[in-house]
Amino acid sequence: NNIPLSDLGGKLVLYGLQYDLVSVAGAAKLKKDIQVKGGFSLVVVDTAAMNFGEGNENDNADVARFLNNLKQIAEECDCHVLAIHHTGHA
């Protein structure tokens, strides 16, 4: 069943922002934005590729930085972080 956004009563907030979550500075900006807006239980990064900045999704070191930054955001902002990734159709 589909739930109309109006039925969520302000429990869902959508922001069309992009961050370089591979970098410490980009992750710090997202943490600050979450803390300023406050009270989120779940932060969805949609898509991971759009928030990967200059990083390379095929480089293990960049992926590790990205995931470590998401983990730090979750811990410091007391929320869950979900990153959406689309795989190829080959």
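Residue indices begin at 1 and follow the sequence shown. Just so we're clear, the structure is a prediction, and the values are computed from it rather than from any experiment.
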Worksheet item: Looking at residues at least two apart in the chain, or sitting in another chain, which of them share a side chain to side chain contact (heavy atoms under 4.5 Å, CB included) with A28?
Response: none

Fill in: More than 12 heavy atoms from other groups under 6.0 Å of CG on D78
no

Discussion item. Which residues pass the salt bridge (Lys or Arg N to Asp or Glu O under 4.0 Å) test with D62, not counting sequence neighbours?
Written reply: R65

Fill in: Hydrophobic cluster membership, Y15 vs V44, 4.5 Å side-chain cutoff
no

Discussion item. Main chain of T47, side chain of N51: is a donor-acceptor contact present, judged purely on distance under 3.5 Å?
Written reply: yes

Practice prompt. Not counting sequence neighbours, list each pair that qualifies as a ring-ring contact (aromatic ring centres under 6.0 Å, His included) and has a residue in residues 58-84.
Written response: F52-F66

Atom pairs and distances, donor-acceptor, side-chain atoms in residues 33-42, under 3.5 Å, two or more places apart:
from, atom 1, to, atom 2, distance (Å)
D33, OD2, Y19, OH, 2.5
D33, OD2, K29, NZ, 3.3

Practice prompt. Write down the atom of G55, the atom of V22, and the distance for their closest heavy-atom approach.
Written response: CA-CG2, 4.3 Å

Item to complete: Keeping the roles fixed (side chain from N69, backbone from L21), state whether a donor-acceptor pair exists under 3.5 Å.
Response: yes

Response to the item:
Across all chains, not counting sequence neighbours, the side-chain hydrogen bond (donor to acceptor under 3.5 Å, both in side chains) partners of E76 are K31, Q72

Discussion item. Is there a continuous path of hydrophobic side-chain contacts, each under 4.5 Å between heavy atoms, that joins L17 to L82?
Written reply: no

Fill in: Interatomic distance, I73 atom CD1 to K32 atom NZ [nearest 0.5 angstrom]
14.5 Å

Worksheet entry | Contacts of D7 that satisfy side chain to side chain contact (heavy atoms under 4.5 Å, CB included) - sequence neighbours left out | I3, P4

